[in-house]
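Here the structure comes first, spelled out in structure tokens, and everything after it is commentary.
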Amino acid sequence: MGPLFASTVIDAPRERVFAFLADLANRPSFCDHFQLDYRLERLDSDGVGAAARFRVEAPRNHVWADSAIDKLEAPHLISEHGRCGRWNRVPARTVWELVEGPGSSITIRLAFWTSPTHPLDLVRERLGAARWYRRQLERALERLREAVESESPQHARLVTAGG
């Protein structure tokens, strides 16, 4: 599937948005409408190697997925790899690109794609998964904008037990 693209403009310093996105503990604050049971895979939730596991609630397809940050180029690029689908057999990639705009605004471009090889996974993607994922990613970016632009931190940051 994909790549699927979504973008939004945020009126906030690029460094602050980058730090917010690079910390996986912040993801439930804007992705919890389609990513449930979000769990961090290690105590340090930011930087290269930070990983999380979550359940994706797509129509007719409730699966577990994971994602790990594999590349950071501050303050403009975050690259993640992971697996999703039935038995975690579908490789997935997510790339966040932060581009400076006029004034203090930035444009966030999000790209997400999967590479299914199993026939069942290919059929599921052809039955509308791309449209559903694109809508969820666009909504997540709108929620991200609201969370970052608000002066008071209203989002609940996820913590790891024992951390």
Step by step, work out the side-chain contact (heavy atoms from CB on, under 4.5 Å) result for His76 and Ile106.
CA-CA 10 Å; His76 61 85; Ile106 63 163; over 6 Å; no
Reported OG-to-CD distance for the pair Ser105 and Glu100, which is rounded to 0.5 angstrom:
9.0 Å
Less than 4.0 Å between a side-chain N and a carboxylate O, is that true for Asp32 and Arg27?
no
Does the side-chain contact (heavy atoms from CB on, under 4.5 Å) test come out yes or no for Val17 and Trp96, once each step is laid out?
CA-CA 11 Å; Val17 177; Trp96 303 81; over 6 Å; no
Report the C-alpha separation of Asp23 and Ser45 in whole Å, then their side-chain angles, then the decisive distance to 0.1 Å, and conclude whether the side-chain hydrogen bond (donor to acceptor under 3.5 Å, both in side chains) test is met.
CA-CA 6 Å; Asp23 189 352; Ser45 63; 2.4 Å; yes
Are Ser79 and Asp70 close enough that a side-chain donor and a side-chain acceptor fall under 3.5 Å?
yes
Euclidean distance, Arg109 CZ relative to Thr8 OG1, rounded to 0.5 Å
12.5 Å
What heavy-atom pair brings Thr114 and Cys84 nearest, and what distance separates the two atoms?
CG2-SG, 4.0 Å
Can you tell which of Val48, Leu72, Val95 makes a side-chain contact (heavy atoms from CB on, under 4.5 Å) with Ile78?
Leu72
State plainly whether the residues Asp66 and Arg83 are in salt-bridge range, i.e. N to O under 4.0 Å.
no
Could you tell me which non-hydrogen atom of Ile69 sits nearest to which non-hydrogen atom of Ala22, and how far apart they are?
CD1-O, 3.3 Å
Donor-acceptor pair between His33 and Arg143 side chains, under 3.5 angstrom:
yes
Measure across Ser67 and Glu80 and return the closest heavy-atom pair with its distance rounded to 0.1 Å.
OG-OE1, 2.5 Å
Nearest heavy-atom pair of Leu4 and Ala130: which atoms, and what distance?
CD1-O, 3.7 Å
Are Trp64 and Asp37 close enough that some pair of their side-chain heavy atoms sits under 4.5 Å apart?
yes
Sub-3.5 Å donor-acceptor pair from the side chain of Arg55 to the main-chain atoms of Ala65, do we have one?
no
How far apart are the closest heavy atoms of Phe18 and Leu77, and which atoms are they?
CE1-O, 3.5 Å
For the pair Glu73 and Lys71, find out whether any cationic side-chain nitrogen is under 4.0 Å from an anionic carboxylate oxygen.
yes
Spacing of Glu149 atom CD and Asp11 atom CG [to the nearest 0.5 Å]:
5.5 Å
In terms of the angle between their ring planes, are Tyr38 and Phe54 parallel, tilted or perpendicular, with boundaries placed at 30° and 60°?
parallel
Let's go through Leu137 and Phe34 carefully: what are the C-alpha distance in whole Å and the side-chain angles of both, what is the deciding distance for side-chain contact (heavy atoms from CB on, under 4.5 Å) to 0.1 Å, and is it a yes or a no?
CA-CA 9 Å; Leu137 295 174; Phe34 73 105; 4.2 Å; yes
Distance col, row Leu98:CG vs Ile108:CD1, nearest 0.5 angstrom, shows 5.0 Å
Heavy atoms of Glu138 and Ala6 approach each other most closely as CG-CB, 3.9 Å
Could you check if a side-chain atom of Phe30 sits within less than 4.5 angstrom of a side-chain atom of Leu21, using non-hydrogen atoms only?
yes
One should read off an interatomic distance between Ser7 OG and Leu110 CG, to the nearest 0.5 angstrom, of 9.0 Å
Gap between atom CZ of Arg93 and atom CZ of Phe112 - 0.5 Å precision:
11.5 Å
